[in-house]
Amino acid sequence: MRTGPRILAAFAAAIGLLLSLLGLSRTAQAEPAAAATGIHVQDGRVLESNGNDFVMRGVNHPHTWFTGRTAALGHIKELGANTVRVVLSSGDRWTRNDVSDVRNIVSLCKQHRLICVLEVHDTTGYGEEGAAASLDQAADYWISIRDALRGEEDYVVINIGNEPHGNTGYERWAADTRGAIVKLRQAGFEHALMVDAPNWGQDWTHTMRDNARSVFDADPQGNTMFSIHMYGVFEQESVIRSYLTHFVNAGLPILVGEFGHYHSDGDPDEDAILRITRELGLGYLGWSWSGNSGGVDYLDMVRDFDPASLTDWGRRIFHGPDGIGDTSREATVYGSGGGEDTTPPTTPGTPVASDITATSVTLSWAASTDNVGVTGYDVVRVATGSETVVATSAGNSATVTGLTPQTGYSFAVYARDAAGNRSSRSPAVNVTTADGGGQEPGDAACSVAYRVVGEWPGGFQGEVVISNTGTSALDGWTLGWSFPAGQTVTNLWGGTVTQSGSAVTVRPASYTSVIPVSGSVTLGFTGTWTGSNTSPDTFTLDNSACTTA
């Protein structure tokens with residue numbers, strides 16, 4: 001919602017009229033591990049840390065302009081919401097919400113058993129609204145208040161910036177969003193991230209839709225969800241369904257982060273939004289609790305922050321068909337049950353290993369059954385007294401990568417259902433990886449696996465896994481390679497990069513400096529390419545050649 005304390009309504013109406021005259025405003029063209037520490041994304045779904053699906057059902061609250069109205073969080077919960085999206089300011093356009101204030105908001109969300117989506121509103125309409133902040137500035141704000149968010153991954157989703165591009169300069173949305181994601185991950189954030197669409201959140205140019213995969217792949221944790229704002233562009237059910245199913249079919253997580261029952265630039269079909277999100281199991285967050293003005297007061301759900309004075313819009317979203325009262329389920333992190341289904345799936349069959357290489361193995365197993373339905377499987381590496389999830393799958397096979405050559409492993413499988421019930425662990429299979437290739441005298445005791453994670457016109461995301469195949473820890477290493485086709489590294493996480501021509505040199509970050517025996521570290525980066533994107537085939541560690549996987 002393009003807002004300020006007065007919601008910038010006159011500006012919104014002018015933009016809507018201009019786009020209408022241009023024939024644009026009505027245009028329809030408009031994998032993290034299950035061991036994640038909190039709310040996370042997996043196979044296009046939003047899950048809690050216990051693997052339960054979490055479908056957001058809630059509203060937006062304009063906290064930064066009404067900081068004395070914190071009682072609203074309790075009132076929103078009392079009407080059935082499981083999530084609240086809280087408007088914050090980085091200080092670039094409005095009064096900054098500091099560490100103390102944000103910490104209090106998170107505490108109140110937890111007190112009222114709400115999942116807290118926090119968003120920076122100063123980015124609204126960047127490129128078209130002269131006072132708007134950039135996504136890079138928003139990322140700096142999140143880093144500056146990190147103390148308020150540390151350890152809150154079970155309860156907080158970070159919505160990096162509200163509607164971060166208007167209808168000018170929106171072509172930069174993908175690059176700017178990738179940059180902000182990488183910056184937050186490099187700063188150590190493990191929270192689920194949410195990113196808004198450009199074009200004042202409505203993506204009538206399909207910029208977010210067409211670049212979502214590259215943005216998702218830029219997150220080294222694979223823990224980013226997409227938010228579309230549905231106002232005048234989404235007047236027809238067919239447009240709503242087409243946009244949302246595009247993401248669902250692509251396995252990318254999507255929710256409706258804002259919508260209303262009416263707007264000055266068109267009449268969104270709120271009934272279709274509510275119905276289709278229920279059918280697809282997607283979240284929605286209506287705009288907004290109270291405090292709208294400047295001609296868009298009709299978007300208030302309650303009058304003057306009074307929960308006993310619901311508006312027509314408030315009655316519709318809270319008490320109408322497919323509304324919050326009908327469909328909201330409290331997050332299980334607050335001690336809620338997983339629903340009436342308490343029966344776990346049957347135990348999967350013993351995994352069978354095939355296609356064993358130096359760094360990977362394919363596992364398959366007899367499928368589990370469930371009284372409602374199996375939704376996926378977790379493959380775990382079993383060690384003495386511990387287990388680690390190394391792959392997830394919607395079917396009864398998976399490929400485990402990033403292994404060390406000539407090393408023994410033990411793998412087993414769990415099945416899970418939609419209610420979060422988990423089966424007993426399957427019997428384990430023992431696997432020994434293949435020889436990674438003969439090392440010549442003087443070669444480093446290392447193996448390097450390089451892969452392109454995602455690619456788009458002119459750009460790509462790469463991953464480099466360095467494995468220690470020697471008998472002592474590697475400490476303070478330097479990795480080198482040369483690109484064969486003129487590629488360049490633009491951002492890298494896990495280390496510090498320099499590049500001269502085609503030659504790339506990476507030195508470790510503090511948390512990747514030591515590679516233990518039989519251990520590995522992973523570097524991720526984004527880059528550019530022209531013509532072709534051929535992978536390098538030679539890597540050195542401390543000027544000695546590594547084997548390649």
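Sequential numbering from 1 along the given sequence is applied to the chain's residues. Below, all heavy atoms of this structure are taken into account, side chains as well, without hydrogens, waters or symmetry copies.
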What pairs of donor and acceptor atoms, side-chain ones from residues 102-112 against any protein atom, are under 3.5 angstrom apart with sequence neighbours left out?
| unit_1 | atom_1 | unit_2 | atom_2 | d |
| --- | --- | --- | --- | --- |
| K110 | NZ | E152 | OE1 | 3.0 |
| K110 | NZ | E152 | OE2 | 3.4 |

Ignoring hydrogens and angles, write down the donor-acceptor pairs under 3.5 Å from the side chains of residues 70-81, residues two or more places apart or on other chains.
| unit_1 | atom_1 | unit_2 | atom_2 | d |
| --- | --- | --- | --- | --- |
| H75 | ND1 | A71 | O | 3.4 |
| K77 | NZ | R113 | O | 3.2 |
| K77 | NZ | E330 | OE2 | 2.8 |

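Side-chain N or O atoms of N159 include none that pairs as donor or acceptor with a backbone N or O of R85 at under 3.5 Å. Listed for the S423 side chain is no donor-acceptor partner under 3.5 Å among the backbone atoms of P344. Panel note: side chain Q186, backbone K183; no donor-acceptor pair is recorded below 3.5 Å. Remark: side-chain polar atoms of Y284 are not paired, donor with acceptor, to backbone N or O of V59 under 3.5 angstrom. Formation of a donor-acceptor pair under 3.5 Å by the N199 side chain with backbone atoms of T207 is not found in this model. Judged purely by atom type and a 3.5 angstrom limit, Q202 uses its side chain to pair as donor or acceptor with the backbone of G232. Checked by atom type and distance alone, the side chain of R315 pairs as donor or acceptor with a backbone atom of L310 at under 3.5 Å.
Qualifying ring-ring contact (aromatic ring centres under 6.0 Å, His included) partners for F247, counting only residues two or more places apart in sequence or in other chains: F226, Y243. Scored by the salt bridge (charged side-chain N to carboxylate O under 4.0 Å, His left out) test, D271 finds R316 as partners (sequence neighbours excluded). Remark: S89 engages T64, W94, N97, D122 in a side-chain contact (heavy atoms from CB on, under 4.5 Å) (not counting sequence neighbours). Shown here are the side chain to side chain donor-acceptor pair (under 3.5 Å) partners of T95, two or more places apart in sequence or in another chain: there are none. With sequence neighbours excluded, the residues satisfying ring-ring contact (aromatic ring centres under 6.0 Å, His included) with W313 are F259, H261. Residues satisfying the side-chain contact (heavy atoms from CB on, under 4.5 Å) test with D176, not counting sequence neighbours, are L135, H165, R172. Taking H63 as the reference, nothing meets the ring-ring contact (aromatic ring centres under 6.0 Å, His included) condition, with sequence neighbours excluded. Applying the salt bridge (charged side-chain N to carboxylate O under 4.0 Å, His left out) rule to D210 yields no partners; only residues at least two apart in sequence or on another chain are considered. Judged as a side-chain contact (heavy atoms from CB on, under 4.5 Å), and not counting sequence neighbours, the contacts of A398 are W365, V379, A391, S393.
Close placement of the W65 and H121 rings is indicated, their centers lying within 6.0 Å of each other.
Of the N and O atoms on the side chains of T332 and E48, at least one donor lies less than 3.5 Å from an acceptor on the other residue. Residues N292 and S288 have side chains that bring a donor and an acceptor to within less than 3.5 angstrom of each other. Inspection of the R329 and N82 side chains reveals no N or O donor paired with an N or O acceptor under 3.5 Å.
Within the structure, no pair that satisfies the salt bridge (Lys or Arg N to Asp or Glu O under 4.0 Å) test touches residues 393-403, not counting sequence neighbours.
Of all non-hydrogen atoms in N211 and A174, the two that sit nearest each other are CB-CB, 3.8 Å.
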Check the pair Y334, Y155 against ring-ring contact (aromatic ring centres under 6.0 Å, His included), reporting the backbone distance first and the verdict last. CA-CA 9 Å; Y334 293 117; Y155 308 95; 5.6 Å; yes
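For the pair R278 and D322, the salt-bridge criterion is met [side-chain N within less than 4.0 Å of a carboxylate O]. One finds a salt bridge joining D147 and R150 here, because a Lys/Arg side-chain nitrogen approaches an Asp/Glu carboxylate oxygen to under 4.0 Å. Under 4.0 Å is where a charged nitrogen must lie from a carboxylate oxygen, and between D219 and R185 at least one such pair does.
Applying the side-chain contact (heavy atoms from CB on, under 4.5 Å) test between D196 and each of E119, M208, H229 identifies H229 as the sole match.
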